[in-house]
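Each remark here refers to the structure printed beneath this line.
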Amino acid sequence: MRILHTADWHIGRTIEGRDRINEHEAMMEELQRICRDETIDAVVMAGDVFDSVNPPARGEMLYYDGMEALSDGGRRPVIVAAGNHDSPERLEATSSIMKRLNVHTRAFPGIEPVSVQTERGLLQAVVMPYPSEARLKRRLSDELNEFDLREQYDQAVSGLYQTQLRQLDPRAPIIGVSHLFAAGGAETDSERPIQLGGAYTVKGTSLPAVDYHAMGHLHRSQAVKTAPAPSYYSGSPMGFSFSERADIKSVSIVTLGEEDSPKVKTVPLSCGKPLVRWKAEAGAQQVLQWMDEKRDAGSWLEIEVHTDQPLSAETVHHMKKAYNGLLSIIPIFPDRDRDVEIRRRERPIEDLFTEFYKKQLDGAEPSAELKELFLRMVEVEDHEAAQTDD
C-alpha cells in the first residue's frame, strides 16, 4: 500500500503582499502527477490546508477542485486533518459532501478514527486535528502551574490517540495523521503562532504506536526521533519565509505491508518559486550587474546592499522593474545596527506597533480600535512605571 503524505499547503498565503496562488495551482498539478506516476493508493493531508480561517475564493476553489482530482473522482481515499490556520467549522461544514468524493475530513480533535478502503485493502487512521485547548473543548485548570498544565495537555492528547486505537483492527495497517508540535521539532520563521485557546507541545513519547505517523505543522521535513513509531513531518510544499530558502521542499511516499515497512521515500517538489537572498557587498552596481546576467531569474528575491548613502529612487525603480519577484531592498550602512537602534527609539510607538502587526500578519493593517487599545495599554504601563519610580 502506497500513501502520499503532504501537509502545510497554506493556500492563500502571500509573501510581502504578493499573491502566490499560481504556485499553489502548480503544487496541486504536481501532486496529481505524483499520484499517477507513483500509483498512490491513498493521500494524507496533515493540516493547514489554508493560510487563514477566511481564505480567498480562488483558493477555496483550488482546494475543492484539487481534492476531486487527488481522489481520482472518488476512487482514491484522501484523509484531511484541520490545522491551526484552518477554520475547523468551515472544513466540517463541507465534510459530508466531501465524503462522497472519498475525502474524509476531521476538523476537531475527537475519538472517532478513520477507516477507508483502498485498491490494496483496508487503511485505518487515528487522526488528530490541531488540538488547541479551545478545539479540545476542555479547559485546563487555571490553578495549575505551567509544568502541570503542559502535562495535563499532553495526557489529554495522548488519551484521544489511545481511544481511537482501541477501535481499530491491529491486523490491518494503521497510520496516524496529526497537526501539532511534537517536542524537539525544528521550527522556521514562517510558522506564525496562533495561540488562541491555548497551545502546547506534545511529547514524542506520547504519540501513538502506529505503522506510520504523518504529521503537519512544522515546515521543515524531519523525523520525531523520540516517537514510538516512525513519525515524520513532511514539511510545506514551498518556502514561505527566507529562513527556508535552503530547504528542499518535498512530499513523502510511504509504502506499507512489506517486511521492513514502512519504507519512506522523499519526492522533491518544483512548484514553489525559489527564495533567494543577495548580499551585494560591492554596492548597487553589483546588484545591477547580477540583474543584467539574469541571475536567479524567476525567484522571490530579497537584496542586502552595502552602501554609504541611500539608494536613489531611480536605482530602486530600475531594480524593481528588472525583477518582478523583487520583494525588498535592505541598505546596509556602516554602523547600521547602531543607526537602526537610534531610529527605532526616535520613531513613534504607534508606528512601531503597526510595523510589527503588518510583519506578523502578512501586511494586514491593524484597525484604529486595536491601535487605540494598544496605546491605552502603553499609557497604563508608563503610568504604573512612573508611580514605581516615585
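Keep in mind that what you see is a predicted model, and the values were worked out from it rather than measured.
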Do side-chain atoms of K249 reach the backbone of H219 as a donor and acceptor pair under 3.5 angstrom? yes

From R76, R2, Q117, R120, residue fulfilling side chain to side chain donor-acceptor pair (under 3.5 Å) relative to D41: R120

Separation of Q289 CD from M291 CE (nearest 0.5 Å): 12.5 Å

Starting from F50, can I reach V43 by hopping between I/L/V/M/F/W/Y residues whose side chains sit under 4.5 Å apart? yes

Between the side chains of R13 and E23, is the shortest nitrogen-to-carboxylate-oxygen separation below 4.0 Å, so that they form an ion pair? no

Joint cluster assignment, M61 & V78, ILVMFWY side-chain distance < 4.5 Å: no

Only counting residues at least two apart or in another chain, list the ones meeting ring pair (Phe, Tyr, Trp, His ring centres under 6.0 Å) with Y212. H5, Y232

Decide yes or no for E25 and I21: does some side-chain heavy atom of the first lie under 4.5 Å from some side-chain heavy atom of the second? yes

Are more than 12 heavy atoms from other residues, nucleotides or ligands located less than 6.0 Å from atom CD of E119? no

Using side-chain heavy atoms (C-beta onward) and a distance below 4.5 Å, is V276 in contact with R245? no

If every non-hydrogen atom of D51 is compared with every non-hydrogen atom of G12, which pair is closest and at what distance? CB-C, 4.1 Å

So does R90 pair up with E60, basic N to acidic O under 4.0 Å? yes

Taking atom CD of E293 as the centre, does the number of heavy atoms from other residues, nucleotides or ligands within less than 6.0 Å exceed 12? yes

Count I, L, V, M, F, W, Y as connected when their side-chain heavy atoms are under 4.5 Å apart, and connections chain through other members. Are I79 and L91 then in the same cluster? no

On a heavy-atom basis, which atom in K203 and which in D154 lie closest, and how many Å separate them? N-OD1, 2.7 Å

Let me confirm one number: the CG-OH distance from D86 to Y130, rounded to the nearest 0.5 Å. 12.0 Å

Please give me the minimum heavy-atom distance between V210 and A229, naming the atom from each residue. O-CB, 3.0 Å

Hey, mind stepping through Q162 and V126 against side-chain contact (heavy atoms from CB on, under 4.5 Å) and telling me if it holds? CA-CA 9 Å; Q162 297 308 314; V126 295; over 6 Å; no

Can you tell which of W290, W278, W300 makes a ring-ring contact (aromatic ring centres under 6.0 Å, His included) with Y323? W278

Is it the case that the side chain of Q167 and the backbone of I111 share a donor-acceptor pair, with hydrogens and angles ignored and the cut-off at 3.5 Å? yes

Got a list of side-chain donor-acceptor pairs under 3.5 Å for residues 171-181, not counting sequence neighbours?
| unit_1 | atom_1 | unit_2 | atom_2 | d |
| --- | --- | --- | --- | --- |
| R171 | NE | D169 | OD1 | 3.0 |
| R171 | NE | D169 | OD2 | 3.3 |
| R171 | NH2 | D169 | OD2 | 3.1 |
| S178 | OG | Y161 | OH | 2.6 |
| S178 | OG | H213 | NE2 | 2.7 |
| H179 | ND1 | A46 | O | 2.9 |
| H179 | NE2 | D48 | OD2 | 3.3 |
| H179 | NE2 | N84 | OD1 | 2.8 |
| H179 | NE2 | H217 | ND1 | 3.2 |

Does Y63 reach the side chain of V80, with side-chain heavy atoms less than 4.5 Å apart? yes

Is there a side-chain contact between D296 and P274 (heavy atoms, below 4.5 Å)? no

Could you go through the side-chain contact (heavy atoms from CB on, under 4.5 Å) check for M1 and T118 one step at a time? CA-CA 8 Å; M1 185 179 300; T118 75; 3.5 Å; yes

Among the clusters formed by ILVMFWY side chains lying less than 4.5 Å apart, do L31 and V103 turn up in the same one? yes

When rounded to the nearest 0.5 Å, the distance separating CD of Q124 from CG of L165 is 9.5 Å

Looking at side-chain heavy atoms only, is the closest gap between Y153 and T201 below 4.5 Å? no

Applying the 4.5 Å side-chain criterion to the ILVMFWY set and letting contacts propagate, would V114 and V49 be lumped into a single cluster? no

Under the criterion side-chain contact (heavy atoms from CB on, under 4.5 Å), I'd like the reasoning laid out for R277 against L275: C-alpha separation, chi angles, the key distance, then a yes or no. CA-CA 7 Å; R277 178 180 291 159; L275 299 170; over 6 Å; no

Of the non-hydrogen atoms in M128 and P109, which two are nearest, and what is the gap between them? SD-CB, 3.9 Å

Give me the atom names and distance for the closest heavy-atom approach of M238 to C271. CE-SG, 4.5 Å

Take atom CG of D308 as the centre, draw a 6.0 Å sphere, and report whether it contains more than 12 heavy atoms from other residues, nucleotides or ligands. no

Can you tell me if D19 has over 12 outside heavy atoms packed within less than 6.0 Å of its CG? yes

When you measure from the side chain of R220 to the backbone N and O of Y233, does any donor-acceptor pair fall under 3.5 Å? no

Backbone N/O of G283 and side chain of Q285: donor-acceptor pair under 3.5 Å: no

Closer than 3.5 angstrom, by distance alone: can the side chain of S95 be matched with the main-chain N or O of E92 as a donor-acceptor pair? yes

From OG (S132) to CZ (F108), nearest 0.5 Å: 9.0 Å

Sub-3.5 Å donor-acceptor pair from the side chain of R295 to the main-chain atoms of V287, do we have one? no

With no hydrogens and no angle check, do the side chains of N22 and H24 hold a donor and an acceptor under 3.5 Å apart? no

State the CG-CG distance between N102 and D72, to the nearest 0.5 angstrom. 10.5 Å

Can you tell me how far the OG1 atom of T266 sits from the CD1 atom of I248, to the nearest 0.5 Å? 9.5 Å

